[in-house]
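Report on the structure given below.
Letters A, B, ... mirror the listed sequences (proteins, then strands); counts begin at 1. Any value given below was found using the heavy atoms of this structure, including those in side chains, with hydrogens, waters and symmetry copies removed.
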Amino acid sequence: VNTYAPPAIADATHDAPRTAARRHRPTRRAPGLARGAASAGAAVLGTGALAIVVVTPLDLRSQAALAGAMFALSLAVGRLRGPAARLMLVLLSVTATSRYVWWRITQTLSLEWSVDAALGFVLFAAELYSCAMLALAYGQSIATLSRAPAPLPGDRSRWPTVDVFIPTYNEPLEIVRITVLAAAALDWPRDRLRVFLLDDGRRPAFRSFAAEAGVGYLTRKDNAHAKAGNLNHALSVTNGEYVAVFDCDHVPTRSFLQVTMGGFLRDPRLALVQTPHHFYSPDPFTRNLRLPSSVPPENELFYGVIQRGIDTWNATFFCGSCAVLRRNALEDVGGIAVETVTEDAHTALKMHRRGWRSAYVDIPQAAGLSTESLSAHVGQRIRWARGMAQMFRIDNPLIGPGLRLSQRLSYLAAMLHFFSGVPRLVFLIAPIAYLLFGRHIFNALPLAALAYGFPHLLHSTATNARLHGRFRHSFWSEVYETTLAWYVSLPTTLALLAPSAGGFNVTAKGGKITEPFFDAAIARPYLGLAALNVAAIAAAAGRIWTGTGEADALAINVVWAIHNLVILAATLAVACERRQVRESPRVAARLRAVLRTSRGDVACETVDLSRGGACLEMSWRLHGLSPRERVSIAVSGATEARGIELLPAFVVADEGRLVRLRFAPLELEHEAQLVRVIFSRPDAWASSRDELRPDRPLSTLARIFQCGVGGVGRMIWLSARATTSGRRPVSLPERSRS
Amino acid sequence: VTPGCRSGRGRQPRFRITAVLAGVLASWPALAQDHEDAPGATVSTRVMKIEPSSDRRSAGVPVLEVPFAIRADEEPTGARVELEFAGHLASVAAAEVVVNDEPTIVRAVAGSKATVAVDPEVLGARNLLAVRWLDDAGRALADRGAWDALASLRLEIDTRPSALPNDLALLPLPFIDAGVDTGATVGIVIPPPATPERARLAALVASWIALDAPIPVTFTAHVGEIPDGRAVVLVDDEEQAARLGMAPLGGPLARMADHPAHPGSNVKLLVVGGRTGEELRVAVESLAGRSERVVGPEVRLRPSPPKGAAPPYSAPRWLPSGRPVRFRDFPLGGTPAHDGATSATLPVRFRVAPDLAIWPAEAVVVDLGWSERLPAGVAAPRLDVELNGHFLATLPPPSGPDEATRWVRLRMPRENIRGYNELLVHVSYPDASGSRAGSRTAASARVAVSGDSVLHLEGLGHFATLPDVALFAFDGYPFTRIPDLGETAIVLPRSPSNSELSATLTLVAQFAQITGRAGSGAAFVTAGARDDALAGKDLLVIGAAADEPPISRWQARWPLEVTAGRRVQGPTGSRRWLELTAGLGQVIDRRRAEIVLEHAREVGIVMGTESPLTPHRCVVAVKSAPGSSLPSFREFLGYAESRSLTGNDLLLLSGGRRWMFRIGSPFTRGQLEPFDQVRWFLADHWLLLLPVLLLGVAVLGGEASRAIGHRMRERLAIGGGER
C-alpha cells in the first residue's frame, strides 16, 4: 500500500474524530421560547421593513436618488468582509429586484388582450424566471461550506472495502487506460480496493488491457439504461462497502479515497461524498476565446461555489464521477436511477428523500478532459438539460416526501437553471419587437423602466461578483447561457411534455481538431439572432433620423440590442474552433528530474508533462542535443521519496534552457509510473485555482466585447478561407447511444 | 410692393356675424345706420407678430397660414402685412402674400422690408393670411429651411368700433368676443361700501359672465364709480342708480344700457340689481342660477329656485373619476376631426379632478382610437400625440387605404397630468402630399379621433399633498373640490381695496370657469371673523393687511413672515427634521426664496398652509408683501421657476417673474387605506426609506447570518446536522 496523508490530515490519528468533533461541536443551545420568539420577531420586523421599501412607489427622481443611495450603501457594505456583509449585499440586491418586480406587476402589466400585452407577458415571464433564478442562486451561494477532509482512523484494518467503477462505452483505450492505471494506484489497502473497468462496448482490447493491468473487467449482454444500467450491473456483481465512480477520462489522484472516505466512517447516514471535476484540458470557451488562466472556466462556478453552497443545505448531489457512494444507500434507493438521463443527480435526490446525507469536499482529487469542441459541449449540456427537465417532471423536488425546504429549493435551482434557454432567447429578441415592429411590449415609461430596472441589474451584478468572486466573472453566464439557449430550449420543453422520450448521448472526449474552422452549423441560430439585432439597430437609426418614435425608448432598446450583439458576438467567437496542437494535453508540473544522455546525467526540472512527452528546464545549457537523439529521463514526485524508473525518450528540440522530449513506446509498468507522476500526485491539481483572479465587472465586459469583436473577425476570415480553399467546415461527430 | 399683381376677384366684404347679432341688427336698422359713424373717431390698431414654428422651418412646409378675426362690435378700416427678409434668401425669389384669396407678390430682397397694404373691403369677421415662397420661375418653394428667409412677419389690423344695440341677447358681447379675444377685462361696479355680501354678489356675477367665456377673464372692481368703458353695474339703491345716471329700476332686473359717456356706441353697461339689497341678491342669484332667459334691453328676474349643495367632485366640467370615460362624453369635446390634406392639430381637452391619487411613477392609460381616410395620391400624414406639451407617441402609419378605426394604448405619466389637459394629435402631411393629388381629392382626406377612445380613470381615488400653489392657481384646488364652493370661506380685509376686490372677483370667476358652475355656496367674511365662521372650511384669504387676522394670528404657520419684513420661515423642531427627509429641496427652496425676496421690490405672494382651525383644511393667502400693491391675479398665472412642479406652498411674483417654493410642512387631503397612507408618506419623505431599508437589512441580515452560521456548524459536525 502506498500511504499518503494529505496536508489537511497529516496529523490525523485515531483520536482525530473526537478532536474534530470537539472543533465542530455545534454551539446550539436549547432554543428557549424567548429566543425563538425574538428570532421570529426579528424576521417579521426585518421582512416587514424591506417589504415597505419594496412596495413604496416613488417618482422618477426620487426613485433614481433612492437607487443611487442603495447602491452607495451596497458599495460600502461590499468593503466589509464576512458572511454578514455578504448577506446584507444579498438583501440589498433582493430588495432592488423585488422593487423592480413589484413595479412591473403593479404598473406595467395589462390584463386586456392585445398582441403587445401578450408579448409583454412573455417578456415578463422571462424576467420573472430570471429573478427567481437570481434568488435561488443567492440561496445556493450565500453560505459556502469549507469542508476539510475527515481524517481516517489510524488503524487501517478499520478502513472499509471500496469498489472503483470506471464505466466506458466507446471511448478510446488510450484515454481509459490512464484512468485505470491511476485508479489502480490509489492509496488504499490492496485487500480493500477493487478496480473494475465496466465496458459497455464489449471490446476485447479492453478486456486484455484490464487483465494486463490487474483490474476487474465487467461487461453485460445489453446496454440497457446506458451508464446507469452499466453501474447497476456492476453493483449487482460486486460487494464493496463503498463505490467510487470515475468517468473513463477522469484520472484520480492517489489520495482520492483518503480525502473522501473519512466522512463515511464518522457519519453512518452519509451516502455520498462528491469532489470537484477538474479538467486539465481547456474547455471550448477558454480555448477558442484564448482566455487567460485568470478567467475561471465555465465549470468553476458549480464546483467552486454552488456545490459548497448547497452542501450547507445537505443538497450536494452526485455528478456522475469523482465521487464515493455508500453501497447501502444505493441499495436503499434501488441502485443508480434509470428514469432520467441525469442518473447521477436523480440518484442523489432519491437518497436525500430517504434521509441520507451528502457532503462535498472541495479539493480537486481527479482531473479529466474537457469537451474538445463547442458542438460536443452543446451536446453534453443538452443531455444535462433534458435530464434535469425529466427530473423536474417525474420527480419534482417541490413535491413528494423526505426533503427539507432548503433541499427542495436547492434541487429546484439546479433543475430550473437548465430552463434558461427560452428566457434567454426572449431577452435576445425583445428589443427587436419595438425597434423593428414598433410593438410596445414593455408597457411603461422608458425612463421609469430604467429607474427601476437598472438598479436591479446593477445590484445583482455587484452581488454576484462578490458571491462568485473568482469562480465566475460577471456577464460570462450570459455568454454560456446564450451559447446553449437555442439548443436546450426544445429538449427541455419536450422533456417536460414527454419525459421518457429520447436517448443517452455520450460526450465526445479525446478527439483532436487538426484545422481551425468556423462551426457554421452550430452558430447558425446565433447568426440569425445577431442579424435580427443588427437590423433592429439599423431600424432604430432610421427612426432617429426621421424623428419617429420616442427617443428614450429608442435609446434604451438600442443599448439592449447592442448588449445582445456583444454577447452574441462572443458566442460566435466560441464557434471559431482552434486547432489542437497535441493529442494529450500537457500538465504543468514542476518536478525534479534527471536527464540521462550519452554525455552523462543532468539534473533538471520538468515544466510540463503529458503522456506523450515532457518539457524540461535545464539548470545549465547542454550545448547541442540533437533532434531524435535517444535519451532517458527519471522524474521524482514532488512529495514522495521514490521516483520512477528511467523512461526512454527522444529529443524533439533543444532550445537551450528548455529541452523538449517525446517518450518512446512505454511498457505498461513505465506507463503506470508516468501516470502516477503526472496525474496521481496528491497535489497535482492543488494549485489549479491559484491563478483565478477576482471579478472586475467592467473589465470583464470589456474583455467579452474584445472577444466578440475579435471573434467576428475570425469568423469572417475562417469562413472566407473555407470558401476559397473549398474545405467545408466540419464539426466533431457526436457520439450517441441509446 | 410689386404693382399690378393684384387679381380682380374677391372684392366683396365678407362679414360673418353670428346669427344672434345679425338678427338683432336686422331688427334695428335705423339705429345701426344712425350711429354708424358716432364712435368712428376712435381707430384702434391690433398688431400680430407671426413666426413660423421651428417644426415648419425644418419640415419645409410650403405655406404659412395665419387665421385672424375682427371683433363683432368693430369694423375693419385697413390692414398691413409687413415682411422682413433675412440676409440670406437661398432660392427664394419672391413671397406671395394672400389675404382672403387676394394675392400679392412681393419681390424678395435680402435684408429688406416690404409692406403689403390690405384693402379693408377684402377683410371680414374671419380672415386668412397665407404666405408662401416662390422661386425664379414663380413656382412654390417647399425646401427644407426655406423659411429661414423670413426674418419677421407682422400683421397690423386697424378697426373702428361699430354701434351695438342694447340687447342682453348679445352677451357676452360687448364684454367678450370669444372668436377673437384671447383675454378680456371686465369692470364690475360695486355699490359702496364693499361689504362681504356685496363682494359675494359681485363675485357671482363675475362667475356668471366667466362661465360663458372660453378665455381668461380679469375682473376689475370699482366701488361706487363707473369706469370709462364697458362694465357691469350692481345697483341696490334707487339713489345710487340716480347718482350713476341710471333709469330707475323697478325691481330685480338685468338691463343693457348705453354708457353715459358713450351713448350709441359699442361701450355698454350691464346693469344688474334692484331697489334694495334683497332685490340685488335676487337678481344676481337668478342670473347665476340661469333660471331666466336673458334677451331684450331689460329683463325682470325672479328668485331662482333653490339648488341643493353640490357634492364633492361634481363639477360639470370635470370627468368623473373612478371609471373609464369615453372621449365622446368629454364635456369640453373629445371627437375632433380634420378634413383635407393640410397639416392641423386635433385637440382633445378635458379636466380631471386635480387630486387624482396617482402613485408616483404611475401613468394614466388612454386607449386612443383614430381613423384616417386617404384618397389615392395622398400620402399618409404623420400623427404625433402630445399631452400638455409633452410628446407621448407617434401613431403607427396605416397599413392600407381603409378607414377603419385603429387603436393604440398610451400611458400618460403622472407628472404630465394636470387638472386641465390638452391631448393634441398633430397631423402633418408630407410636403408634396396635397400637390400630387388633385385639390378636390385632397380635400376628402380626413383624420378623426374616435369618440370611443377611452380614458381610464378607474381605480383612481382622491388624495393630494397640500398646500400646492400650482394646484390652487390653475385648478382652484382645494376650493373647487366642491364646485359651488360650499366649503370655502373667502376672507376679505375689513376695508378691501379695489385691487383686492378685483383679485377676489377674478379668482371666484376663474373657479367657475374651472368647474363649470358658479360658486354660489362660498361664504364671504371679513378679517377678524369668528373662528366658528371659518372652521370646517377651506379659507381663501385675499389681501389681508399684515396686522389683520388670520395673517397676523397664524403668523408662525405661513411659509413667509410678512408682518414686519419678508422672512422665510420653514417648519421648526421635529417637523423641520422630518421635512429634510423629503430631500434637500426644501433647504434649497428656502435659500432660493431668500435670494428672491432680497432682490425683489414689489412682491406678490400666494402662499398656503394647513388651517389651524380644522385639520386637513387648507388656507391660501393671496396678498402682497409690505410696501407692495396687490397685483392682478392673472399676473400670478404663467410659468414659474421651481424645483418641482407640485407640492409648493409659496408663489412669489415680482417684475413679471414667478417663483415657486416648498417651504413649510405639507399635509394630506383625501382618503387612502392606512397602509397606503404610510406608503404615500414614505413616497413624499423618500429619505426615510433608507433607515427603513437599513433596519430591514441589518435585522434580517443579522438574524439570517446567525441562523446560517448555526446551520454551517451543524453541517460540519459529526452527523451532518440532519435528522
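Residue with the most contacts toward chain B among A:T108, A:L58, A:L91: A:L58 (heavy-atom pairs, distance under 4.5 Å). Top candidate by heavy-atom pairs under 4.5 Å with chain B, chosen from A:L66, A:L447, A:V90, A:V77, is A:L66. With respect to chain B, the highest number of heavy-atom pairs below 4.5 Å among A:A85, A:A444, A:G48 belongs to A:A444. Interface remark: of the candidates A:D311, A:I52, A:T95, A:D311 forms the most heavy-atom pairs closer than 4.5 Å to chain B. Taking chain B as the reference chain and counting heavy-atom pairs below 4.5 Å, the highest number among A:T56, A:V44, A:D59 is found for A:T56. Taking chain A as the reference chain and counting heavy-atom pairs below 4.5 Å, the highest number among B:P413, B:A707, B:A363 is found for B:P413.
For B:W359 and B:W680, the ring centers sit closer than 6.0 Å to each other.
For A:L270, no part lies under 4.5 angstrom from a heavy atom of chain B. Within the 4.5 angstrom heavy-atom criterion, no atom of A:V54 approaches chain B. No part of A:A51 comes within reach of chain B, as not one of its non-hydrogen atoms sits under 4.5 angstrom from that chain. With a threshold of 4.5 angstrom between heavy atoms, A:Q63 does not approach chain B through any atom at all. Residue A:D116 does not touch chain B at all, counting heavy-atom pairs closer than 4.5 Å. If you measure heavy-atom distances from A:I142 to chain B, the contacts under 4.5 Å come from the side chain alone. With a threshold of 4.5 angstrom between heavy atoms, A:R61 approaches chain B through side-chain atoms but not through N, CA, C or O.
Residues B:S642 and B:N648 bring no donor and acceptor atom of their side chains to less than 3.5 Å of each other. B:W370 and B:E372 are linked by a side-chain donor-acceptor pair at a separation below 3.5 angstrom, with hydrogens and angles left out of the test. B:R706 and A:S39 share a side-chain donor-acceptor pair at under 3.5 Å. Using modelled atom types and a 3.5 Å distance limit, the side chains of A:T97 and A:H459 yield no donor-acceptor pair. Of the N and O atoms on the side chains of B:D684 and B:T465, at least one donor lies less than 3.5 Å from an acceptor on the other residue. At a cut-off of 3.5 Å, with distance as the only test, no side-chain donor of B:N416 or B:N388 sits close to an acceptor on the other residue. Side-chain contact, B:R326 with B:S453: no donor N or O sits under 3.5 Å from an acceptor N or O.
Remark: A:R543 is positioned above the aromatic ring of A:Y434, its terminal NZ or CZ atom under 6.0 angstrom from the ring centre and at most 45 degrees off the axis.
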